[in-house]
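Contents: one structure, followed by commentary.
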Amino acid sequence: MAEEFNVDGMLDMFLYESGQLLEKLEGIILEKQDADCFDDADINEIFRIMHTIKGSSGIMMYENITKVTHKLEDIFYYLRESQPENVPHLELVEHVLSVSDFVTGELDKIKDGEDADGDESGLLADLDEFLNRLKGEIKDQGIRLPKANKSEEPKQFYIAPVASEDSHFYKIVIHYRNDTMMSNIRAYSATFALKEIAEDLLYIPEDIMSNEETGDIILAEGFYMLLQTKSSKEEVLELIDSPQAEKIDFDVLTLQEFGEELAHFGRADASEIIDLGDSAKSEEKPQKSAPQPGDYVVKSKEAGKGKTLAKHQPKQQTIISVNVEKMDSLMDLIGELVIAEAAVLQNPDLQAPGLELTNFQKSAGQLSKITTELQEVIMSMRMMPLVNVFQKMKRIVFDVSRKLGKEIELEVIGEDTEVDKNIIEHISDPLMHLVRNSVDHGIETDKQERVNAGKPEKGTITLEAKNESGKVYITVRDDGKGLNKEKLYNKALENGLIEDRPITDFPDSEIYRFITLPGFSTKEEVTEYSGRGVGMDVVVKNIQSIGGRLDIDSEEGVGSEMTLVIPLTLAIINGIVIKVGGSSFVIETASVKEFIRVGEDAIVQDPSGSEYIVIRDDCYPFIRLNEKYDLAGSQGAVEDGIVVILEYENKQVCILIDTLLREQEIVVKPIPSYIKKVKGLSGCTQLGDGSIALILDIAGLVQDEERR
């Protein structure tokens with residue numbers, strides 16, 4: 001029954017499942033990093049994760065991954081079986097994370113099309129040394145060592161059944177969840193796990209690796225196995241247990257019953273086994289009743305075809321996995337659909353006098369409704385919680401604080417906040433820089449310094465996420481020493497990064513932003529984590545590339561707070577189309593506070609010539625877009641135009657426009673790289689008539705007005 005198989009189509013599943021298991025592993029480890037020990041549930045779960053990765057990497061023939069996961073599985077096997085006391089917990093945590101890092105590195109190589117050729121010898125030596133010490137501790141505590149957790153490769157997958165007194169016979173049917181992908185590979189993993197203990201093993205369908213269609217059969221009818229082994233039911237179940245298994249039917253058979261079941265497989269020795277069972281019986285057993293509805297029976301098929309199991313018809317799958325590239329393509333198509341819809345509904349031909357458009361307007365309204373719902377559905381499919389990103393930050397805090405000798409606790413709030421997948425990919429690196437910065441620069445190294453300041457010895461970093469007004473706010477907050485404004489000012493001046501102006505000319509918010517200037521660093525020594533003058537400027541560039549910003553606030557001696565403000569999605573926004581001269585612009589609807597008409601007498605100037613507008617006794621910075629961007633054809637007069645009050649982070653700015661056109665969904669496109677970057681613009685879009693409109697960057701406009 002041993003068959004040739006290839007790994008085509010298995011690699012993606014192996015990478016995905018292993019990645020998910022490693023994320024779960026790190027979650028367990030980091031949650032219990034400060035505990036005294038792992039509890040029984042944690043030990044069993046870590047053992048199962050290592051066992052699963054070991055088995056799947058063995059199938060994929062990644063030998064180094066198999067070796068290190070098997071060695072760590074050995075450690076948790078002895079912990080589970082012996083339950084020793086006084087296990088060095090933190091050292092064990094570091095060993096688990098070392099294995100996780102090694103496997104993750106090898107998986108990254110595989111994803112990049114490289115060979116998984118990492119040298120595992122050093123890691124194996126460390127794990128061996130720890131395991132030997134653990135065994136010594138177990139013996140010293142008077143606990144008997146359990147049987148070794150052996151994993152020997154048999155010369156043949158299936159061994160002729162030679163039953164002994166301690167042999168057991170089982171019939172097993174695994175029912176996988178309806179949403180399980182590549183269930184034939186899952187089934188093969190079960191057989192691969194059992195080969196270490198099998199005296200005899202047969203299964204239906206037989207061609208699970210050479211015939212992809214067996215996956216549908218397994219989902220519909222289950223995966224049927226007959227097993228002869230010396231292992232107990234509990235040991236077998238532990239080997240074949242899988243997160244995708246909805247139910248496992250497990251029957252203990254007699255030798256006689258096992259022979260009868262083998263007859264269904266067409267095994268030549270089945271009759272001999274039945275005879276042996278007959279002679280071994282001390283009394284007649286009642287004849288087995290005929291299969292009942294729902295029982296698994298072998299259905300005969302035509303010669304030359306494999307056997308299948310008769311059961312219920314396939315159930316409808318309720319969940320499927322989709323390649324993210326297909327999701328991106330679908331999102332692009334929906335964007336084009338939105339543009340095409342605008343082109344139809346805003347077609348100039350519809351403006352011809354005398355046209356009766358009642359029916360058209362009804363159909364257009366229905367089209368708009370469907371387009372909006374379609375957009376909302378695809379957006380919801382792309383939304384992902386930040387939990388995985390935040391878990392990586394937990395690991396960074398653990399590693400960096402250990403290496404810097406600092407005791408730090410990470411508090412996580414709002415990890416279930418959902419963001420577009422593309423946004424998540426853009427914020428992982430910036431967030432990592434912010435967290436490292438808080439660990440290295442923020443939290444004090446000297447515990448006594450914290451105690452003298454009335455703080456606990458252990459530092460705290462808070463990672464918080466929330467949705468608000470169509471934006472996502474991700475805050476990294478520490479209770480460290482805070483930022484020293486004078487030190488920041490002097491360093492920026494020394495490096496020639498700012499003009500030689502008195503510190504009082506700079507608002508606090510701008511002084512704090514000095515740390516984001518390229519080449520700025522207050523670190524005197526270059527370390528693994530800081531002092532190279534890079535990092536925070538990378539954060540700002542990456543965040544600005546997706547239309548976000550970084551806000552910094554601090555209080556010396558109390559701590560610092562850095563907040564990433566990012567859009568929920570990069571794809572489609574609600575916008576208001578305006579016109580200035582012959583040019584069209586788009587303002588994000590959420591940024592608009594008010595439209596108003598005023599006279600020229602509302603405009604005032606300061607001594608430098610900058611204009612402000614007074615509305616209901618409040619004074620706002622005033623921008624004439626026609627002058628800012630040198631646009632011809634604009635009316636220019638305040639009373640002939642419309643003043644738009646824009647709001648950004650509780651700060652307002654007013655702009656003067658000529659015409660307010662309409663509100664519509666806007667497909668955001670980046671400004672081409674061959675066009676020089678212009679302040680106050682964040683992107684562009686195509687309108688229904690085919691023309692291009694520029695999207696105003698409200699944050700940039702407000703910040704420019706603050707600096708003037």
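Throughout, residue positions are numbered sequentially from 1 according to the sequence presented.
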For I197, is there any backbone N or O sitting under 3.5 Å from a side-chain donor or acceptor partner on S231? no

request  = Check for a donor-acceptor pair, side chain of S18 on one end and backbone N or O of L15 on the other, with a separation under 3.5 Å.
outcome  = no

For F390 and A465, the nearest pair of non-hydrogen atoms, with its separation, is CZ-CB, 3.7 Å

dist D128:CG -> S121:OG (nearest 0.5 Å) comes out at 11.5 Å

T214 and P205 have their tightest heavy-atom pair at CG2-CB, 3.8 Å

- Carboxylate-amine/guanidinium contact E31 K394, below 4.0 Å: no

- Message: Less than 4.0 angstrom from a charged side-chain N to a carboxylate O is my criterion; do R395 and D101 meet it?
- Response: yes

Would you say the rings of F223 and Y176 are close, in the sense that their centroids are separated by under 6.0 Å? no

For H51 and A193 the tightest heavy-atom approach is NE2-CB, 4.2 Å

Apply side chain to side chain contact (heavy atoms under 4.5 Å, CB included) to V87 and F38, showing your working.
-> CA-CA 10 Å; V87 176; F38 293 115; over 6 Å; no

So I174 and Y224, side chain to side chain contact (heavy atoms under 4.5 Å, CB included) or not? Walk me through it. CA-CA 7 Å; I174 304 177; Y224 178 103; over 6 Å; no

dist L134:CG -> F130:CZ (nearest 0.5 Å) comes out at 5.5 Å

Output yes when D249 and K171 qualify as a salt bridge under the 4.0 Å nitrogen-oxygen rule, no when they do not. no

- Message: Between Q228 and S167 (side chain of the first, backbone of the second, donor and acceptor by atom type, cut-off under 3.5 Å), is there such a pair?
- Response: no

The reported gap from CG in L410 to OG1 in T462 (rounded to nearest 0.5 angstrom) is 7.5 Å

In terms of heavy-atom contacts, S56 and I53 come closest through OG-O, 3.2 Å

(message) I want to check something: taking the side chain as every heavy atom from C-beta on, are D478 and T460 in contact at a cut-off of under 4.5 Å?
(response) no

Worksheet item: Within a strict 4.5 Å, meaning less than it, do heavy atoms of the R436 and V439 side chains meet?
Response: no

Does K458 have more than 12 heavy atoms from other residues, nucleotides or ligands lying within 6.0 Å of its NZ? yes

| query | Does a salt bridge link E73 with R48, judged by any charged N lying under 4.0 Å from a carboxylate O? | reply | no

Worksheet entry | From CA spacing to verdict: side chain to side chain contact (heavy atoms under 4.5 Å, CB included), I461, E411 | CA-CA 6 Å; I461 294 178; E411 180 184 7; over 6 Å; no

Here the gap from Y203 atom OH to T191 atom OG1, rounded to the nearest 0.5 Å, amounts to 5.0 Å

Heavy-atom nearest pair, L219 first then N178, reads CD1-O, 4.1 Å

- Task: Decide yes or no on salt bridge (charged side-chain N to carboxylate O under 4.0 Å, His left out) for K392 and E26, but give the supporting numbers first.
- Result: CA-CA 9 Å; K392 293 177 183 177; E26 287 204 356; over 6 Å; no

Result for side-chain hydrogen bond (donor to acceptor under 3.5 Å, both in side chains) between K230 and one of H168, E199, E235 points to E199

>> Run the ring-ring contact (aromatic ring centres under 6.0 Å, His included) test on F169 and F258 for me, step by step, so that the C-alpha distance in whole Å, both residues' side-chain angles and the decisive distance to 0.1 Å come before the verdict.
In response: CA-CA 6 Å; F169 308 95; F258 188 71; 4.9 Å; yes

Checklist entry - So, do L194 and T229 sit near enough that their side-chain heavy atoms are less than 4.5 Å apart? => result no

Notebook entry, point to check: So, does N64 use its side chain to make a donor-acceptor pair with the main chain of A116 at under 3.5 Å?
Noted result: yes

Rounded to the nearest 0.5 Å, the NZ atom of K135 sits from the CG atom of D74 at a distance of 7.0 Å

- Item | Main-chain N/O of L79 paired to S82 side chain as donor or acceptor, under 3.5 Å | no

Side chain to side chain contact (heavy atoms under 4.5 Å, CB included) between E63 and K67, intermediate numbers included:
CA-CA 6 Å; E63 187 177 352; K67 287 180 179 178; 3.2 Å; yes

So, does D115 use its side chain to make a donor-acceptor pair with the main chain of D117 at under 3.5 Å? no

Heavy-atom closest pair (I424 atom, S428 atom, distance to 0.1 Å) is O-OG, 3.1 Å

Would you say the side chain of L201 lies within less than 4.5 Å of the side chain of M225, judging by non-hydrogen atoms? yes

In this structure, CE of M432 is separated from CG of D429 (nearest 0.5 Å) by 5.0 Å

Practice prompt. Spell out, as yes or no, whether a donor-acceptor pair under 3.5 Å connects the side chain of E257 to the backbone of T254.
Written response: yes

(Q) Within a 6.0 Å radius of atom CG on D36, are there more than 12 heavy atoms belonging to other residues, nucleotides or ligands? (A) no

- Side chain proximity check, D200 to L226, heavy atoms < 4.5 angstrom: no

R450 side chain to P456 backbone, donor-acceptor under 3.5 Å: yes

Checklist entry - Can any side-chain N or O of S100 pair as donor or acceptor with the backbone N or O of V96 at less than 3.5 Å? => result no

Indicate yes or no: does R80 engage D40 in a salt bridge with an N to O separation below 4.0 Å.
no

Point to revise | Beyond-backbone contact of F76 with M50, side-chain heavy atoms, under 4.5 angstrom | key: no

Would a 4.5 Å heavy-atom cut-off, applied to side chains only, mark I75 and L72 as touching? yes

K32/D42 ion pair, N-O < 4.0 Å: yes

Do P385 and T417 touch side chain to side chain, with heavy atoms closer than 4.5 Å?
no

